[in-house]
Amino acid sequence: AQSVAQPEDQVNVAEGNPLTVKCTYSVSGNPYLFWYVQYPNRGLQFLLKYITGDNLVKGSYGFEAEFNKSQTSFHLKKPSALVSDSALYFCAVRDIRYSTLTFGKGTMLLVSP
Amino acid sequence: KAGVTQTPRYLIKTRGQQVTLSCSPISGHRSVSWYQQTPGQGLQFLFEYFSETQRNKGNFPGRFSGRQFSNSRSEMNVSTLELGDSALYLCASSLSWEQETQYFGPGTRLLVL
């Protein structure tokens with residue numbers, strides 16, 4: 001069975017500093033990996049995905065993620081955090097047989113002014 | 001193009017009642033998935049539909065059911081509601097089950113009293 005781990009419940013960073021939200025995964029075969037963001041009382045917004053190709057994936061709002069097969073990680077990064085980036089971030093892996101996404105438990109990102 | 005829409009946005013029911021939630025996918029999308037989000041369990045997969053056929057089902061009791069119509073709209077039904085069914089129910093759509101990215105609606109927040 002596939003699984004996703006987000007080891008940090010919360011990440012705190014000051015505005016303007018770089019941020020990293022960690023994600024590790026476990027799948028059999030090649031992983032399809034995703035990052036979503038959720039703002040209060042909203043659904044999930046797609047940020048970026050890794051299917052194949054370059055290990056560094058660029059996404060929406062200046063976010064990027066680095067796929068590392070040997071460490072089975074897919075960490076989300078941004079060079080300079082904004083207060084408006086404060087939200088709940090989910091890493092997910094897709095079952096290649098279906099559309100089904102398996103999510104991590106989420107990491108709350110708090111960016112202080 | 002309009003996004004995924006879900007109705008109603010908020011719902012209050014009492015134990016023992018049943019509820020039907022509706023999801024309209026992005027125009028042209030034929031795959032619809034449903035997820036339940038709770039503080040304790042996080043995001044859990046409920047169902048996946050493509051072309052009116054259920055392709056995958058999560059580990060939920062039989063009180064949870066769903067269907068998809070010929071226009072790709074989907075409904076999910078929960079019978080004999082329990083307090084633990086209180087959650088945010090999220091619908092997501094993609095072009096097909098093979099297309100990688102799912103786009104989420106704003107969710108229906110169900111409160112069971």
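So you know, we letter chains A, B, ... as the sequences are listed, proteins then strands, and number each from 1. Because only heavy atoms are used, hydrogens play no part in the values below, and waters and symmetry mates are left out as well, while side chains stay in.
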Region of Tyr35(B) that comes under 4.5 Å of a non-hydrogen atom in chain A |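 For Tyr35(B), the side chain is the part near chain A, not the backbone.
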Part of Gln37(B) lying under 4.5 Å from any heavy atom of chain A | side chain
Please name the residue in the list Phe90(A), Tyr36(A), Tyr39(A) that meets the ring pair (Phe, Tyr, Trp, His ring centres under 6.0 Å) test with Phe104(B).
->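 The option that passes is Tyr36(A).
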So if you build clusters from Ile, Leu, Val, Met, Phe, Trp, Tyr with side-chain heavy-atom gaps below 4.5 Å, do [X] and [Y] land together?
{"X": "Leu47(A)", "Y": "Val111(A)", "result": "yes"}
{"X": "Val57(A)", "Y": "Tyr32(A)", "result": "no"}
{"X": "Phe45(B)", "Y": "Val4(A)", "result": "no"}
{"X": "Leu46(B)", "Y": "Tyr103(B)", "result": "no"}
{"X": "Leu11(B)", "Y": "Leu90(B)", "result": "no"}

Does atom CZ of Arg63(B) have more than 12 heavy-atom neighbours, drawn from other residues, nucleotides or ligands, at distances under 6.0 Å?
-> yes
CZ of Arg73(B): more than 12 outside heavy atoms within 6.0 angstrom?
->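 Enclosed.
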Side chain to side chain donor-acceptor pair (under 3.5 Å), paired with Thr100(A), selected from Lys57(B), Gln102(B), Glu48(B), Arg55(B) | Glu48(B)
Do Thr101(B) and Phe34(A) have side-chain heavy atoms sitting under 4.5 Å apart?
-> yes
Does a side-chain heavy-atom distance below 4.5 Å link Leu43(B) with Leu101(A)?
->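 Heavy-atom side-chain distance check fails, nothing below 4.5 Å.
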Tell me, side chain or backbone of [X] under 4.5 Å from chain B's heavy atoms, or both, or neither?
{"X": "Leu44(A)", "result": "both"}
{"X": "Gln45(A)", "result": "neither"}
{"X": "Lys105(A)", "result": "neither"}

